[in-house]
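Below is one structure, written out as structure tokens; comments come after it.
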Amino acid sequence: MSSPVDVAVVVGSLRKESFSRKLAKALAAIAPPPLKLEIVEIGALPLFNQDDEANPPPPSVAFKSRIQKADAVLFVTPEYNRSVPGVLKNAIDVASRPYGKSAWDGKPAAVVSVSPGAIGAFGANHHLRQSLVFLNMPTLQQPEAYIGQAATLFDAGGKFANEQTREFATKFMTAFAAWIERCRN
Ligand code: FNR
């Protein structure tokens, strides 16, 4: 049996009832072995300040080492003003510095964007991908995951409310598992 693959899940919303967080949890529940998904919190990270690069605040150090330890990263994010929420961009910046010592470097990644609207946070998804190119994170291309109508997706217990979404989510996680495997070999 292969050893567990540690997937750090970074959620781009701090909202208690966040659809993105619900989706991250639902994806964790259906992830195929050997993937093991864990949400890595970003809400307590101080705003990145380049003056502190040589001596970052403790929450930033802890976050960066958690990302360093991960085998892969799954981003699940809403869209704010057609882009990535500031909290997520801040987390990305925090773990990317100092230059040449990024924790993201080379880690296989996937992006799921989520919105109550119709276009599934496409703008955030692709703005995020722009950063991932620079961060040298090989990112799953297909299937793309622009999840719209988020308010209809979950039942009261946080499980997928319809079979179609559950099937897509399973297909996505299976493709991500294969992608991670490919990137690691
Ligand atoms: C939004 N929302 C939003 N939705 C969208 O599809 N495209 C957008 O550009 C924006 N812009 C935006 C800006 C700001 C500042 C807020 C607070 C919200 C709506 C957003 O999708 C909605 O609030 C989601 O519920 C946020 O995701 P979580 O918190 O449910 O994961």
Side-chain angles (χ1 to χ4, degrees), residues 7-31 35-49 59-60 62-63 66-67 70 72-96 104 107-135 137 139-173 175-176:
V7 180
V9 183
V10 181
V11 176
S13 170
L14 306 183
R15 199 168 75 85
K16 272 203 289 293
E17 292 299 318
S18 160
F19 297 123
S20 310
R21 179 173 290 267
K22 283 182 187 161
L23 183 54
K25 287 183 176 167
L27 291 172
I30 57 146
L35 300 196
K36 198 168 171 300
L37 274 61
E38 183 184 281
I39 295 179
V40 180
E41 300 297 342
I42 62 173
L45 290 176
L47 285 180
F48 177 76
N49 180 342
S60 303
F63 177 71
R66 176 65 188 90
I67 297 299
V73 182
L74 174 64
F75 295 94
V76 184
T77 187
E79 176 174 86
Y80 279 4
N81 300 309
R82 295 284 181 259
S83 187
V84 175
V87 284
L88 175 54
K89 184 59 167 55
N90 184 57
I92 289 171
D93 295 342
V94 162
S96 72
W104 309 107
K107 305 228 183 253
V111 177
V112 179
S113 58
V114 192
S115 172
I119 51 180
F122 175 90
N125 192 307
H126 282 263
H127 275 189
L128 177 54
R129 284 172 184 274
Q130 181 171 324
S131 294
L132 303 189
V133 170
F134 179 70
L135 292 168
M137 301 181 79
T139 303
L140 180 70
Q141 307 291 332
Q142 294 290 342
E144 297 160 284
Y146 313 111
I147 310 296
Q149 316 297 350
T152 67
L153 296 183
F154 307 102
D155 65 20
K159 295 217 168 69
F160 289 114
N162 66 74
E163 190 52 27
Q164 205 190 355
T165 313
R166 206 183 65 79
E167 264 173 33
F168 175 76
T170 303
K171 186 173 143 195
F172 181 86
M173 290 310 297
F176 188 32

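Computed over heavy atoms, backbone and side chain alike; hydrogens, waters and symmetry mates excluded. All ligand and atom numbering here is 1-based and tracks the order in the structure.
Remark: Q149 CD is packed, more than 12 non-hydrogen atoms of other residues, nucleotides or ligands lying under 6.0 Å away. Around CD of E17, the count of heavy atoms belonging to other residues, nucleotides or ligands within 6.0 Å does not exceed 12.
Of the residues listed (P85, S115, S18), the one engaging P78 in a side chain to side chain contact (heavy atoms under 4.5 Å, CB included) is P85, and it is the only one.
Taking the side chain as every heavy atom from C-beta outward, V40 and V73 never approach each other to under 4.5 Å. Counting only heavy atoms from C-beta outward, the side chains of F19 and L153 never approach each other to under 4.5 Å.
Near ligand 1, S13, R15, S18, F19, S20, P78, E79, Y80, N81, R82, S115, P116 each place a heavy atom less than 4.0 angstrom from the ligand.
Among all heavy-atom pairs drawn from E41 and F63, the shortest one is O-CD1, 3.8 Å.
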